[in-house]
Amino acid sequence: MGDKSAYLIIENLTKKFGDFTALEDISLEVFEGEFVCFLGPSGCGKTTLLRAIAGLDIQTFGRIEQAGRDISRLPPSERDFGIVFQSYALFPNLTVDRNVAYGIENRKTPKPEINAKVAELLQLVGMPEQGDKYPAQLSGGQQQRVALARALATAPGLLLLDEPLSALDAKVRARLRREIKDLQLKLGVTTIMVTHDQEEALTMADRIVIINEGVIEQVGTPEDIYIRPASPFVADFVGTMNFLPGTAGTQGHVKLDGIELATNSSTNDVGPDEPITICIRPEDVVTRGVTKDTDNAVPAVVDALEFLGSFYRISLHTQGPARTGFRADFSINLMRDLDISEGRDVVVSFPADLIRVYGEAFTHSDETV
Amino acid sequence: MTGTAALATGLEVKEKVSREDWIMRGVLLAIALFLSVSILLPLYSLMSKGFQDKDGNFTGFANFSEFFATPALTYSIFNSLTITLWTSGIVLVLAFTFAYGLTRSCMPFKSLFKGIALVPILMPSLLPAISLVYFFGKQGIISSWLFGYEIYGPIGIVMGEVIYVFPHALTIMLIAMAMSDARLYEASEALGASKIKTFFTVTLPGMRYGLVSAFFVTFTLVITDFGVPKVLGGKYNVLATDVYKQVVGRQDFEMGAVVSMVLLVPAVLAFFADRIVQRKQVAMVSTKAVPYVPQPSKGFDMAMLGFCSLLGFIILSILGMAFFASFAKFWPYNLTLGLNHYQFDLMDGGSWASYFNSIELATWTAIVGTVMIFVGAYLVEKSKGFRTGRAAMQFLCIMPMAVPGLVLGLAYIFFFNHPDNPLGFLYHTMPILVICTVTHFYTVSHLTAVTALKQMDPEFESVSASLKVPFYKTFRRVTVPVCVPAILDISMYLFVNAMTTVSAVVFLYSPDTTLASVAVLNMDDAGDTAPAAAMGMMIVFTAAGVRLLHAILTRGLARRTQAWRKR
């Protein structure tokens, strides 16, 4: 993607609602043909940013440029985008055909051409021969396909998706996720999707923009975000993370309840013995074949077992005086092999390259998203 | 470029106002201008008139001092409050019980009773009053039931007003009761509370906003009503009849202005109190509420059926008596039926022309009013930016509700009949009647339109804009078709009210534009009670016909659009 030019440039964008600052000094570039997800908890400002890009709620300060054109002040009707809402916003009194044709009909295109285009679009979104139905006669997933076809009908340069899948049930959501991504690749249309569902963002996006309280926390590929979260917030919001209180040790080392752990994560900005937060994902904790002599071994005691179908998530605590609690994933057959049960001693290890260290102390929110 | 400049100077980004925005603002301004001319300026004329002498010199509070120094006038305030409070008390109990029967019992014929209860809406308030004269007047069939009291006076007024406002109070009660949450009743039952305890701890508290709102609506309707006290007042003066007497009887416009300002005070207070209460009510409704489904209970159901039957019977007898009286040749001596009272052209103060004028007024009011009110509501709801303009418009749309019809009509005289007013040519014409009637009934229709518009997906406009379809096309192709039921409701409401209203237009008609409802008043005044009843019945027939047409249209529409309407 590096050789592609920036298609959408957002510079120092701020949005205020009265005294409340919904977005603060946002700068971002989106490249041509890219699929970008705005991910964040509800109320973080991601939808506000999307609406500013669409011109539906114009920013208070800042500049937006699309395809080399300054669109900062333009009303939505003078911008170039198609949009799909969570509510679909299909016109209830028009058939599927007329909904899809709504934008093209206005352009003085001849009727046969319109009909051919509509048929093609419905084919594209996997809804051929349903054109005579009304939106109320369709399922949620079908309605969302129609909304997508309608948004694409005018061949916009930018496709905006505002939580398009969150009103659907899990199975339909998973299928549509795949289909939308395929469609986007096929058409090559620059796409921005707003979502609060990390799985959606991780599977669909080329790049993810994590937003929290009106500020961008991190921009990166799904792998970047997941493996190298730039802040405790990102680490907490995407995936599951253990946040463990520790202290800084010698260069490249941290201390967790008396155990010295090597880490590849930078600890430069904190002096020795200053408090830090040690992070490791439960699935990154090595559980098989660990002895007290393994690198970064952590002896622990089992507190509780949580059965999650294909694996167990085990709550443990360290054996030192702090009894620091953390969680680790154990596969079903490992559970059998080790005969894990409450109160048992086990040894696990935290691989040096998978440990993240953050300077600040962080209280992790128990919100399950 | 503008963006970077703005950033450098820290200036806010101002949205470019598109051609469409200008169109929206233009139309919005035009409607706001209409309302300014049709309510704001006339009210101003009225107010200033109250502070002037007959020659137009400013006299400060001299007129008010005179008003409060005239016991005959000040006593009306007391009288008005007396009958209003009595009526409100009685109506609240009756309407509450009736609504309770309709929503909380398993009695049969619920929709029939609901239909009967709404019948008084079709009548000008003069008609139930005239009907009461036939029951309890000097030659009435059951006048002895009043134990020697006279129907002309407070008793008669309260009886007439109760019938007149009953459907309005009932409608509010029904809405309030429909909003109750079945889960609260289940919880109460599960906790072992008795039925009576449940009534006082769940039902009544849940209804409190409905009750208060019904009280204020009844209060306003009664204190500003002019039809019932006009017919049944006798020597018992109230504020509404005083305005009429000062202006029409004594031609004392200044004192008329003072009395109507006094009348405006309780109306405005009730209006604001009601707005506050309604806002609270909305906040109380939870989307998760489960509607209450009553369980059969023989004794209770029969009691409710008995109560509703009695009330239904009374309402139907009021209508039936007016109906019968209009056909009886010479009450009470010759009760053979005939059409001689319908020969309005032979009566003093009435003519068939006035009936057709009323039809014309109602038709124009329905057409002009519906278009303007719906478009206005659409623009207030959906236009972007332009905050001050929209807020002002919203205020103008709500304002008419606080102004009693008599006050509005009198204000029109002062404003439009002023020699310097360039709009003076409208005075004594059909258009001024249409303007006045549209304005008088603007608020309820506006709120109906706003409710319908709020139910639509707010993103329709966003989608249209993204597809480069101008808003007026989406308005025509989507908004209007989806809102047709509400549009039909509004036009029917305007038509029926234009047929039945007396209060505002009574000051504004001319010999060429006499109206049916005014003819009822004038014929009754002249002692032609039976022809007055006959004209009243013509109004009822017409209003009922329009309601029927509305029901047929709505049903037909529901069938045609059921493919896309989720029910």
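Chain naming here is simple, since letters A, B, ... match the order of the sequence lines and numbering starts at 1 in each.
Considering only heavy-atom pairs separated by less than 4.5 Å from chain B, the leading option among L160(A), N93(A), I104(A), D80(A) is N93(A). Contacts with chain B were tallied for A147(A), P76(A), P92(A); P92(A) has the most, counting heavy-atom pairs under 4.5 Å. Each of P156(A), A89(A), G103(A), P75(A) has some count of heavy-atom pairs under 4.5 Å with chain B, and the biggest count is that of A89(A). In terms of non-hydrogen atom pairs under 4.5 Å with chain B, the most contact-rich of R150(A), Q137(A), R79(A) is R150(A).
Of all heavy-atom pairs between I10(A) and I26(A), the closest is CG2-O, 3.6 Å.
Of the two parts of L56(A), the backbone and the side chain both hold a non-hydrogen atom closer than 4.5 Å to a non-hydrogen atom of chain B. In this structure, chain B has a heavy atom under 4.5 Å from the side chain of F85(A), while its backbone stays farther away. For a residue to count as touching a neighbouring chain, one of its non-hydrogen atoms must lie under 4.5 Å from one of that chain's; by this rule I83(A) touches chain B with backbone and side chain alike. Of the atoms belonging to E105(A), it is side-chain heavy atoms, and not backbone ones, that fall under 4.5 Å from chain B. When heavy atoms are compared at a cutoff of 4.5 Å, T154(A) approaches chain B solely by way of its side chain, counted from C-beta outward.
T190(A) places a side-chain N or O within donor-acceptor distance of the main-chain N or O of G33(A), the cut-off being under 3.5 Å. The closest donor-acceptor contact from the side chain of K468(B) to the backbone of S466(B) lies under 3.5 Å. In this structure, Q86(A) contributes its side chain and S166(A) its backbone to no donor-acceptor pair below 3.5 Å.
Between E78(A) and R69(A), no side-chain nitrogen of the basic residue sits less than 4.0 Å from a carboxylate oxygen of the acidic one, so the salt-bridge criterion is not met. Salt-bridge annotation for K473(B) and E20(B): absent, with no side-chain N of the basic residue lying under 4.0 Å from a carboxylate O of the acidic one.
The aromatic rings of Y102(A) and F91(A) are tilted relative to each other, their planes meeting at an angle between 30° and 60°.
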